[in-house]
Structures are given as C-alpha cells and as structure tokens.
Amino acid sequence: MNVRTILATKGTHVVTVRPEQTIREAVRLLVQHNIGALVVVNEAGQPVGIISERDIVRAAARYEDRDICTMRVEEIMTKDLITGTPQDDVHSVAHTMTERRIRHLPIMEGGKLAGIVSIGDVLKAQRDLYQGEVDTLQTQIMADKEE
Amino acid sequence: MSSIGTAERPLRVAVIGSGPAGFYTVEHLFRQDKYVVLVDMFERLPTPFGLVRYGVAPDHQKIKNVTRIYEKLAQRPEFRFFGNVEYGKHVTLEDLKRYYHQIVFATGTQGDRKLGIPGEDLKGFHSAREFVAWYNGHPDYTHLEFDLSKERVAVVGVGNVAVDVARILLKTREELEKTDIADYALEALANSNVREVYMLGRRGPAQAAFTPPEIKELGELADAEVVVRPEEAELDELSKKVLEEHPDKETLRKLEIIRQYVREMPTGTKRRVLYLRFLVSPVEAHANEAGEVDGLKLVKNELYMTEAGTLRPRPTDRYEEIPVQLVFRSIGYKGAPLPGLPFHERWGVIWNKKGRVIDPETDQPLTGLYCAGWIKRGATGVIGTNKPDALETVTCMLEDVEAGRVLDPEASEPEAAERLVRERQPDFVSFEDWKIIDRLEIERGKAVGRPRVKFTSVEEMLEALRREKAKAAVGS
Ligand SMILES: Cc1cc2nc3c(=O)[nH]c(=O)nc-3n(C[C@H](O)[C@H](O)[C@H](O)COP(=O)(O)OP(=O)(O)OC[C@H]3O[C@@H](n4cnc5c(N)ncnc54)[C@H](O)[C@@H]3O)c2cc1C
Ligand SMILES: NC(=O)c1ccc[n+]([C@@H]2O[C@H](COP(=O)([O-])OP(=O)(O)OC[C@H]3O[C@@H](n4cnc5c(N)ncnc54)[C@H](OP(=O)(O)O)[C@@H]3O)[C@@H](O)[C@H]2O)c1
C-alpha cells in the first residue's frame, strides 16, 4: 500500500502560507481549516518549510518578550523539510515519521505539491489494512456458519 | 412534511455496483437504526458480487463464500437489485437525482496500469486483468484469445494478482477441473504448452507485494516447482538495515518461504517451472516477423532510499533478455471515469474526501454523491478492506442526512424508480432472478463434479431465465 491510497480520499487541496506572512495569519488559517500544520511555499509554489501548532507554541515560549503574532512565518517555521511522493510505501513513511518525530509530510508529485499526510492518516491506513484482513476472515467465518 | 428517514418518508439510496464495497455500504446502512432506509442497487451485469465472482481466483472457492453474507442483506425487504442495468448507459446521473436522496458509486475498476515500454502493444502482450476476467468467464471478455501454445510466459509484477495468474497458468487439468473456471478457459489451460513462467519483481524479496499464504501456495502445485536465484534472494544492505530496525513479521515470513525456493537450477521433478525473479524491470518487448512478442529485455535494478524512507528501484546499466513469447502485465488495476463525476485521472479515482464526492475546483462536496471501494481509494486491499472503507462513507452519508444536506428528488417512492428501470431496461435482472441463475449454474456443476459451471454470456443468462420462468409458469 502506498501514500497514493491515503491521498485518494483526502483530496489534494493543501492549505499553504507564504514565508513573509505573519504568525497571526498562520494561526487564523490553522483555526479556519481546523488543521495542525501549514506548508510554507515560496512565490513559485515550492515548499520551503512547514509550520505547525507546536512550532508556534514553542516560539511563544522562546520569544517571551516579543509579540509573536507579528513575527513572520519564516522566522519560526521548520526549514529542513522532508517530503514524500505518492509512490512511497505507507509502512516506510510510518517508520520515518515516528523516528524523526514528523507529524506532517507534504507529498510532491511531478515537482508540485500534491497533498499532505499526517501521522494520524498513516496510522489509520495501517489500521484499516489490518482491519481489512480481520474483516475478510470474519465475513468468511460468518458465511461458513450460514451453510 | 415529515423528515427524511422516517417510515412515511424513507431515505432513498441508490448504490451503483454490487461488489464488496457496494454490499458493505448496504450493510452499514441497514445496521444503523436512526433512519429508515430503502436501497436500490444497480449492477451493469446480470450477476452480483463484482470481483468476488470475476476476480477472485476460481481455485479459491472458499473465499467466495463471503457472498452468503451479501445474499442475506439482499433478502431484506428494504433492498432491491437491478442487475443488467448500467449507470451511464441505461440510467444517468440526472435520472438518479430525480429518484434518490443519496447516490453511492461503488463501481470498482474498469482498467489497468500500463508499463509504458516499447512493444507493450504487440500481439501476445496482455494485461493480467483481461486474462483474469477471461478465465473467470466475465461476459465482456470471453472473446479474448491467449495463445497458450507458447512455452514461456512472463508475468510482470509480484502482487497477489500476479500470483493468481502464475498459479492458474501452472495448474494441471486435474487441479483446474475442481474449480468454477470458465469452460473454454479450462480447455485452453489444460491443453496449454506453457512450461516456464517468469514472475518479475522490480524491487527485492523484502518489498514484494504478495502475502505469505499466497506465495506459500505456489510451492504446493502438483506439477510445477518454484525457483529463486540465490543472488536474488539475498537481501541488499539497505533492506537488511530496514529489516533489522523494523523486524516486520509478515516480511520475515515471506522471506522464509522464499528461501525454500532458492536453487541454481530446477530439480526437474516437475514438468513446469516458475522462475520468481527480483530487482528486474522490463524495458522493451521484441517482436518476431509476425509481430508477436518474442523476447523481453530486462534491466537489472538496484534499490535506493527516498527521503521518506521507502526503498525504490532504479535501473543499472546491466541488461538481460528472457525468451518469453507471452507477457502479462500485472502492475495494478485502475478506475475509469464515470459520466458526470469528477475524476482524478492519474490516480484513477473519483475525487472525494472520506467518500464524499468533491468538486476539485472548489474542494467542496457535491450534495448527495458518494463513493466507496476501489473507485474511491484505488485498486488496493482485500475484500474486507472495503468494510471500514464503506463505513467511512456511510458515516459521512448519515452526517449529511442529519444536517439536511441531501438531494431533493421529485419522485422518491420506490415504484417510480422501478418504472424508470422497466422503461430503460426491460431485461433487468432482480435478485430472485439471480438466485435462479445461481441455482442453474450450481446444478450444471454438480452434474460434472464442479462447484458450478458459469454462464458466460448475458444472452445465455437471460435465455436460461426465460426458460426457467416459462417452466415454472407451466408447472403452476
Ligand atoms: C484478480 C483479483 C483477485 C482477488 N482475489 C482476492 C482474494 O482472493 N481475497 C480477497 O480478499 N480479495 C481479493 N481481491 C480484492 C477484492 O476483489 C477487492 O478488494 C474488491 O472486489 C473491491 O471491491 P469493489 O466493490 O470496490 O469493486 P468490484 O468488486 O470490482 O465491484 C464493482 C462492481 O460495480 C459494477 N459496475 C462497474 N461499473 C458499473 C456501472 N457503470 N453501472 C453499474 N455497475 C457497474 C461492476 O460490474 C462490479 O460488479 C482480488 C482482486 C483481484 C483484482
Ligand atoms: N489472495 C488474495 O488475498 C488476493 C488475490 C488477488 C488480489 N488481492 C488484493 O488485491 C489488491 C490488488 O492486487 P495487485 O496484485 O493488482 O496489486 P499490488 O498488490 O499493488 O501489486 C502490484 C505489483 O505491481 C508492481 N508494479 C507496479 N508498477 C510497476 C512497474 N511499473 N513495473 C514493475 N512492477 C510494477 C508492484 O511493485 P512495487 O511494490 O514495486 O510498486 C507490485 O509488485 C491487493 O491489495 C491484493 O492483496 C488479494
């Protein structure tokens, strides 16, 4: 099973923010779309970072003496961005995300942003795969009883 | 006016497609007791159950028993089956919107992925999907021809479908006779000259998509043995490292089974050989003077790790040629667009979020339209995977009923929809009709010691139904 399977039922719309936008604007987007992270893209639409709720909370603690709402996204975003592709295996992505403590993975296809998967999506996909095996067996056992 | 989902004004749902996804959708709709739901299922074939009948291998009869659960659902008074009625041909989206509050598309996949290499369109280069549909007696595929006078065959891909195809090619008449394989396919396969099958994985054994029971079964064939080259069974450094860090049980089990097949040469005790190959990709199929496949050029691959941690193949500069005259590509099924619905071409799915069909331009749901199964998430997963998948869709459907986001049909009474079907397709097949076809097939099978002998054309099915109904009319 690959990442494409996850994206297929999520749509490819990704909420993005520009590096020069303010944290206030970023927070508004997070709340408005009820999501945990925004992909930061440059003028060309290329991802240059990611900014999550956690990045903002951490910044709030670190810059106690500043009004973080007026800071720019690029000042606090995570810059060493890891991206995936629709062809990545779900279980490899699960390992990578847990090991490197990444909660959101932007997905690139043909040089363009094609979606984003969260650790929750990845774990759910794995659970559904397992549940599928169980449900197949269960349906079969129930069917055998019908005989 | 009473609200939707009550006895006076039941929720009317149309389900398009009668495979596992369609039936699990029905199951979840009937399992809730908040709303009164009436379901009509439309199926383009006279026979229900989708790939359980026309995909699942004929020598895997036991798994086909899942249909008994679907049959039980179909017996409910709130359910009707309109077989031999095709969405897009007999009924359109506009039609359905006039009769139903919600419409669920569970139409599975009508196409497959292509390799995109030179020679793929040569005679003798086939898709596994077509071969599977042919040996299972799918009415749309009975006319296909596969030249089984050839001795060497390649199957590209190492998923469970590739295993099915290889196994069916390697079984003896005695093994196949016990199954419900189509009659013509039984004859063709029992008389085939096939001696060698090459199954080609582009990555290593640790990344193979097949599951342990399926690969184990290949080692239990009556007259065929499996051979894996020692150097290809050996794991590369990256795979070793990944497996050490994450000793996945299923992968370890697969590797253990594969190790039992390792040898330099076939032992020669069996008539046929399956060469299970890894880290190779076809790059070109060659042709003889007649324009038929004659040889497949392979490139040797090596693995590299992507940023996200996946081991992917990349070609080296080493090539080889295998002397095959037939090729089946088995690299995945793919959905085809349905009239009136937004379709994601590259992924082969209806645009959706959790089963709600969306408009890709606005990213917003299209009221009353849903999807489930392979047309929703792509061609992956076993029968049961469609159950949680359908649950996700049904959960969205019920939320939308609650919120009043449903279609506003002008004629939601069941009689109106039936009038439409009768007008557009007088030869529609009800579930009772299907049960007659089912009984006749099983009777035909009993006579020759097989689970069933399938009718393989729609005309044949309708004809048998007419005969049977005429008989019953005389009898009564
Ligand atoms: C070769 C093969 C072997 C498999 N073997 C196994 C196995 O052994 N065990 C296992 O657990 N899983 C197996 N699977 C997987 C399993 O078959 C799928 O997970 C499952 O069938 C997908 O369900 P679905 O309902 O989405 O699609 P389908 O089963 O394909 O059902 C779709 C239905 O919709 C109908 N339809 C399509 N278009 C229209 C239209 N326009 N109007 C009306 N009806 C339409 C089709 O005729 C079909 O009946 C196999 C798959 C394949 C391809
Ligand atoms: N007995 C059963 O339970 C049973 C039987 C049949 C099917 N099914 C299920 O049905 C689903 C579909 O099965 P499937 O076999 O069609 O799909 P699959 O499991 O996704 O396997 C596809 C195979 O094709 C390979 N492939 C893809 N693109 C390729 C390319 N360009 N070149 C070479 N190889 C390529 C894949 O390799 P990569 O991994 O490298 O991409 C993989 O080995 C699966 O979930 C399967 O488990 C189950």
Side-chain angles (χ1 to χ4, degrees), chain A residues 1-15 33 81-100 102 105-110 114-115 117 122 124-125 127-147, chain B residues 20 23-24 27 62-72 203 207 209 211 242 245-246 248 250-251 305-312 335 344 346-356 358 360 362-364 371 375-389 391-393:
Chain A
M1 187 177 38
N2 54 31
V3 167
R4 190 174 64 208
T5 311
I6 299 180
L7 290 184
T9 64
K10 282 199 75 180
T12 59
H13 192 75
V14 184
V15 186
H33 295 275
L81 185 66
I82 296 180
T83 61
T85 70
Q87 286 78 42
D88 270 305
D89 293 328
V90 168
H91 68 95
S92 316
V93 166
H95 292 156
T96 306
M97 290 179 86
T98 359
E99 253 154 45
R100 303 181 63 169
I102 305 167
L105 188 71
I107 305 298
M108 304 294 290
E109 191 176 29
V117 298
V122 170
K124 178 176 177 295
R127 211 164 48 232
D128 284 353
L129 187 72
Y130 173 74
Q131 188 60 40
E133 311 271 335
V134 175
D135 282 336
T136 307
L137 273 177
Q138 201 187 33
T139 307
Q140 219 186 329
I141 291 166
M142 271 159 41
D144 290 344
K145 275 196 201 140
E146 289 291 308
E147 220 169 357
Chain B
F23 272 103
Y24 286 123
E27 178 171 344
K62 212 167 168 304
I63 185 76
K64 294 193 190 240
N65 286 349
V66 299
T67 60
R68 293 205 191 113
I69 297 301
Y70 307 154
E71 271 174 16
K72 247 186 111 176
R203 298 191 279 169
Q207 292 82 33
T211 43
V242 168
E245 284 164 13
H246 307 280
D248 173 62
E250 184 168 291
T251 310
M305 189 178 277
T306 66
E307 235 177 277
T310 304
L311 298 186
R312 302 275 307 161
H344 193 306
R346 233 176 15 263
W347 299 351
V349 297
I350 296 175
W351 277 98
N352 77 92
K353 275 189 190 169
K354 298 182 173 181
R356 283 187 182 101
I358 60 163
T362 62
D363 204 42
Q364 294 303 310
C371 56
I375 195 63
K376 168 187 171 187
R377 67 173 192 280
T380 132
V382 287
I383 290 169
T385 315
N386 301 294
K387 197 171 174 180
D389 175 302
L391 179 61
E392 182 182 64
T393 298

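Per chain, numbering begins at 1; letters A, B, ... match sequence-line order.
Chain A forms more heavy-atom pairs under 4.5 Å with one residue of B/K62, B/E71, B/R356 than with any other, namely B/K62. Across A/H95, A/Q87, A/M1, the residue that shares the most heavy-atom pairs under 4.5 angstrom with chain B is A/H95. Heavy-atom pairs under 4.5 Å with chain A were tallied for B/T211, B/N352, B/T67; the largest tally goes to B/N352. Comparing B/H344, B/E245, B/R312, B/K64 by how many heavy-atom pairs each has under 4.5 Å with chain A, the most go to B/R312. Interface remark: of the candidates B/P388, B/G355, B/G348, B/G381, B/P388 forms the most heavy-atom pairs closer than 4.5 Å to chain A.
Heavy atoms of A/I82 lying under 4.5 Å from chain B belong to its backbone as well as its side chain. Heavy atoms closer than 4.5 Å to chain A are found in both the backbone and the side chain of B/W347. Proximity to chain B (any heavy atom under 4.5 Å) is shown, for A/I107, by neither the backbone nor the side chain. Heavy atoms of A/I6 lying under 4.5 Å from chain B are absent altogether. Both the backbone and the side chain of B/V66 come within contact range of chain A, judged by heavy atoms closer than 4.5 Å. The contact between B/D363 and chain A is made entirely by side chain atoms (from C-beta outward), counting heavy-atom distances below 4.5 Å.
Between B/R203 and A/D89 there is a salt bridge, since a side-chain N of the basic residue sits under 4.0 Å from a carboxylate O of the acidic one. Taking 4.0 Å as the cut-off between side-chain N and carboxylate O, B/E392 and A/K124 count as a salt-bridged pair.
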All N/O donor-acceptor pairs, side-chain side in residues 131-138 of chain A, below 3.5 Å, sequence neighbours left out:
| from | atom 1 | to | atom 2 | distance (Å) |
| --- | --- | --- | --- | --- |
| A/Q131 | NE2 | A/D135 | OD1 | 3.2 |
| A/T136 | OG1 | A/G132 | O | 2.7 |
| A/T136 | OG1 | B/G384 | N | 2.8 |

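Checked by atom type, the side-chain pair B/Y70/A/T139 shows no donor-acceptor distance below 3.5 Å.
Put simply, CD1 on B/I69 and CD1 on A/I141 are 10.5 Å apart, with the number rounded to the nearest 0.5 Å. Between the CZ atom in B/R377 and the OG1 atom in B/T385 there is a gap of 5.5 Å [rounded to 0.5 Å].
Counting only residues at least two apart or in different chains, side chain to side chain donor-acceptor pair (under 3.5 Å) contacts with residues 1-15 of chain A comprise A/K10-A/D121.
Side-chain atoms of B/I350 and B/K376, non-hydrogen and from C-beta on, never get closer than 4.5 Å to each other.
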